[in-house]
Amino acid sequence: MTCQVASGKAKATRQELDQMNLFSDIRDLVLASLNDMVAQGQLPAGLDFAAVAVEPPRDAAHGDMATNAAMVLAKPAAMQPRAIADALAARLMADPRIAGADVAGPGFLNLRLNPVIWQGLVRSVLTQGIDYGRANLGAGKKVNVEFVSANPTGPMHVGHTRGAVFGDALARLLAFAGWNVTREYYINDGGAQVDVLARSAYERYREALGLEPEIREGLYPGDYLIPVGEALKEKYGDSLLDKGEQYWLKDVRDFATEMMMAEIRNDLKVLGVEMDVYSSEKALYGTGEIEAAIATLRDMDLIYEGVLEPPKGKEPEDWEPRVQTLFRSTAHGDDVDRPVQKSDGSWTYFAPDIAYHHNKVKRGFDALIDIFGADHGGYVKRMKAAVSALSNGRVPLDIKLIQLVKLYKNGEPFKMSKRAGTFVTLRDVVEQAGADVTRFVMLTRKNDAALDFDFDKVLEQSKDNPVFYVQYANARVNSVLRKARDAGIAVDDATLSAADLAGLTHEAEIEVAKKLAEWPRLVEIAARNNEPHRVAFYLYELASDFHGLWNRGNDDTSLRFIQDGQTAVSQAKIALARAVSVVICSGLAILGVTPVEEMR
RNA sequence: GGCCCCGUAGCUCAACGGAUAGAGCGUCCCCCUCCUAAGGGGAAGGUUGCAGGUUCAAGUCCUGCCGGGGUCGCCA
């Protein structure tokens, strides 16, 4: 048995998906009960139930689920919370799923569920396989996730790595939550930086021909351009030598850019990231797309010729007023208007980016997500303003900023300098830590918090390494499955999902089942907030609960998964373990991490 | 100076506006004739930077401060 988890169905219907989430099931029950109360005059009509929630209680002693309905509705209904809660409790008790409903605290209604619910949940996980937890939040709508978008001027470094991992995990999460996801990379191949790349590569070309390269100030000094120079020699011989820039710049630029992109694509592949679409900035030039996007804004009276005020409080030395073409981004929430043209009439970086986002809007996406490095924070408001204007407010743009990664080795921080060419590349990181570890570790932090990445710690095999800890839980499940098979117990998913689970009644086992019940809810919360790190934290908690149950078997042999000579009982317990494995595999798949079957 | 992000246990960090703010590390005490102890249980540790406000309810939302980081018109 492996992590090859059968998918229950190729396509689950909307109704089936809804039934997978125990919390939304019970919320539906609460809402239905509230509506009944309205119909029978126990509650006034016209109440808004949107704020009514059903969630896990902080303390398990409070029950299995809690609803805030009475507290939320007390004021608009002009009633005592207690009165609402009592009436609601009485109605809920009529449902066979509800075993208890107690009013507590400031008006919480704590619910206890019929124990068979948890047994049914375990069965449900095994029946649905990796589809368990799949949500329909996106309802098939189209979302574009743009990420990485590293300049094609060199290999990807650690900062890009985090953005790549985050974007990829977010894309997988949104797909799991029912969105139609497109992953996209925007190649910044249209600006001055690719000319610098060309000139830098040209020096390496001269070097390849036996001349002394002149890596002047402002050029890229990195060794990674040496192969580019050699490839140029291969292709052009010495025909570009001693020619003016006007003869070779374009060709060398295209050549070098293509080589860099090939390298970047390879880096992404090493990391397990695949893009659906690569868009090119350069390709926007000369097509009229930029002009058309600007014209669209101009028609809305959002483009004008004007002079910007100097930054408040900190006027640059060389500040001089100049007339520029400006985008009235302040009309859509920005602080100041932003230039789209330089004084020589050429476009600023912003202009093609406006056109690019216009293009995404025109392609019919229902939502856009951009993933930027934290140093682009100042760019967020103007980009949102542009998309808001170009889509008439129809298409929401969420921009996630990825904070920087601090590298450590033996407790010592790594110093990186792009100018000195001594930066740590994605390849360095993946070669040392492995793609799975790199991905998991980079997802155990919120995107907007800085991340420490310690090469020694991430490879440590102990519980303060979350990657290992989660993998170990899965390996333990597989160990149980192996032992059971050796003992002649059938443990395939079909058998386990048909097993009699009535024996799963111990409080320690129910706790684990409850954790499994939270998975669909967790997926929805994570997807709604575009926060894949929640998946990593959930998996850690699930692993912790499982390790706990495992160790209870040391003291109480009746809690071991394999019960000698009792096939049926063993199968029930193993079903629970296998359900844990299914959810771990499912969660790791969202993070893009390969599950480990066995620790060696 | 403007804008953005961050500030939670000694350290590293969680917490969809919900109840007594949770984990790991570190410290201290326990648990392997038994499915992988690479694990588990327990103890100690907090005025969630400060001060107001909104709310039935604030670490979370709003305002103002303090501290750290990022960023700020012809770089992308």
Side-chain angles (χ1 to χ4, degrees), chain A residues 51 53 55 57-59 62 66 68 70-72 74-75 81 104-108 110 149 151 153 188 190-194 196 281 307-316 319-322 324 326 334-339 341-346 348-350 352-353 373-381 401 403-404 444-446 448-450 452 457 460-466 468-469 471-473 475-477 479-484 487 521-522 524-526 528-529 531 533-534 537 540-541 544 547-555 557 560-563 574 577 598-600:
Chain A
E55 42 194 24
R58 188 182 289 280
D59 187 341
H62 291 142
N68 60 359
M71 290 181 295
V72 171
K75 194 166 190 178
F108 282 102
N110 290 326
S149 297
N151 286 343
T153 55
N188 294 129
Q193 79 281 4
V194 283
V196 174
E281 178 193 358
V307 180
L308 281 177
E309 294 288 317
K312 288 177 186 129
K314 187 202 169 195
E315 184 166 340
W319 181 271
E320 50 187 61
R322 71 175 76 100
Q324 288 171 296
L326 301 170
D334 202 355
D335 305 307
V336 293
D337 294 337
R338 307 291 180 175
Q341 272 181 324
K342 303 174 190 174
S343 57
D344 67 0
S346 65
T348 62
Y349 172 73
F350 188 34
D353 221 352
D375 55 343
H376 286 56
Y379 208 65
V380 170
K381 284 191 178 183
L401 296 179
Q403 278 294 340
L404 49 104
T444 50
R445 194 108 320 168
K446 275 187 296 198
D448 46 15
D452 290 345
K457 200 148 200 174
E460 204 172 281
Q461 300 207 329
S462 70
K463 82 176 165 183
D464 62 325
N465 181 357
F468 165 77
Y469 189 75
Q471 296 278 30
Y472 186 37
R476 276 182 154 174
V477 173
S479 170
V480 168
L481 293 174
R482 275 195 305 274
K483 292 264 199 257
R521 185 171 176 276
L522 186 283
E524 289 189 3
I525 292 170
R528 200 163 39 233
N529 295 295
E531 291 180 340
H533 76 276
R534 289 174 185 272
F537 280 96
Y540 187 86
E541 290 166 14
S544 179
H547 287 308
L549 176 60
W550 179 285
N551 270 75
R552 291 284 291 269
N554 288 339
D555 302 325
T557 54
R560 291 184 197 166
F561 298 103
I562 299 171
Q563 299 289 317
I574 292 168
E598 208 174 344
M599 311 303 285
R600 282 299 175 206

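Proteins come first, then strands; the chains are lettered A, B, ... in the order of their sequence lines, and each starts at number 1.
Within 90° of 0 lies the glycosidic angle of B:C32, which makes this nucleotide syn.
The side chain of A:A192 lies closest to B:A76 when the candidates are B:A76, B:C16, B:G73. With B:A23, B:A76, B:C35 as the candidates, the nucleotide lying closest to the side chain of A:Y540 is B:A23. The side chain of A:W319 approaches B:G73 more closely than any other nucleotide in the set B:C16, B:G73, B:G18. Of the candidate nucleotides B:A76, B:G73, B:A14, B:A76 has the atom lying nearest to any side-chain atom of A:E281. Residue A:P311 has its side chain nearest to B:C72 when only B:C16, B:C72, B:A76 are considered. Closest contact between the side chain of A:Q403 and the listed nucleotides B:C16, B:C56, B:C5 involves B:C5. The side chain of A:R445 has B:U12 as its nearest neighbour among B:C16, B:C35, B:U12.
The partner of B:G1 is B:C72, judged by Watson-Crick or G-U wobble contacts that both fall below 3.5 Å. Look at B:G26: it lacks any Watson-Crick or wobble partner with both distances under 3.5 angstrom. With a 3.5 Å ceiling on both atom-pair distances, B:U54 lacks any Watson-Crick or G-U wobble partner. Base pairing of B:A9: no nucleotide in any strand meets the Watson-Crick or G-U wobble criterion (both distances under 3.5 Å). For B:A15, there is no paired base (Watson-Crick or G-U wobble, both distances below 3.5 Å).
The shortest distance between the side-chain N/O atoms of A:R58 and the OP1/OP2 oxygens of B:A15 is not below 4.0 Å. Taking side-chain N and O atoms only, A:R528 has no distance below 4.0 Å to OP1 or OP2 of B:C16. Between A:K381 and B:C4 there is a side-chain polar atom (N or O) within less than 4.0 angstrom of OP1 or OP2.
A donor-acceptor pair under 3.5 Å is formed between the side chain of A:Q193 and the backbone N or O of A:N188. Checked by atom type and distance alone, the side chain of A:T348 pairs as donor or acceptor with a backbone atom of A:P339 at under 3.5 Å. Distance alone, capped at 3.5 Å, is enough to place a donor-acceptor pair between the A:N465 side chain and the A:E460 backbone.
Rounded to an integer number of Å, the gap from A:H533 NE2 to B:C13 P is 13 Å. Between the C1' atom of B:C75 and the NZ atom of A:K342 lies a distance of 8 Å, rounded to the nearest Å. B:G73 atom P lies 13 Å from atom CG of A:D334, rounded to whole Å. Atom CG in A:L404 sits about 9 Å away from atom C1' in B:G70, given to the nearest Å. Rounded to an integer number of Å, the gap from CD of A:E541 to P of B:A15 is 10 Å. B:A57 atom P lies 11 Å from atom CE of A:M71, rounded to whole Å. In this structure, the CZ atom of A:R338 is 11 Å from the C1' atom of B:C4, given to the nearest Å. Atom CG of A:D335 is separated from atom P of B:G73 by 14 Å (rounded to the nearest Å).
As judged by a 4.0 angstrom heavy-atom cut-off over every strand, A:V72 is placed among the base-contacting residues. Using a 4.0 Å heavy-atom cutoff across all strands shown, A:D448 reaches sugar-phosphate atoms only and no base atom. Within the nucleic acid shown, A:A374 comes within 4.0 Å of sugar-phosphate atoms alone, with no base atom in reach, counting heavy atoms only.
For B:U48 and B:A19, the P atoms lie 14 Å apart once the distance is rounded to whole Å. B:C4 sits 31 Å from B:G10 when the P atoms are compared, rounded to a whole Å. Distance noted for atom P between B:G45 and B:C3: 42 Å (whole Å). Rounded to whole Å, the separation between the C1' atoms of B:G7 and B:U47 comes to 15 Å. Of the C1' atoms belonging to B:G18 and B:A43, the separation is 29 Å, rounded to the nearest Å. Here, B:G52 and B:C66 have their C1' atoms 15 Å apart, quoted to the whole Å. Atom name C1', nucleotides B:G64 and B:C29: the rounded distance is 48 Å, in whole Å.
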request  = Determine, for nucleotides 39-47 of chain B in 5'-to-3' order, which nucleotides have protein heavy atoms under 4.0 Å from the base (write B), from only the sugar-phosphate (write S), or from neither (write -).
outcome  = BS-------

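Inspection of the A:D344 and A:S346 side chains reveals an N or O donor paired with an N or O acceptor under 3.5 Å.
Between the base of B:A19 and the side chain of A:N110 there is a donor-acceptor pair shorter than 3.5 Å.
Ring geometry for A:Y379 against A:F350 counts as perpendicular: the plane angle is over 60°, on a 0 to 90° scale with 30° as the lower cut.
Across all their heavy atoms, A:M599 and A:A475 have their closest contact at CG-CB, 3.6 Å.
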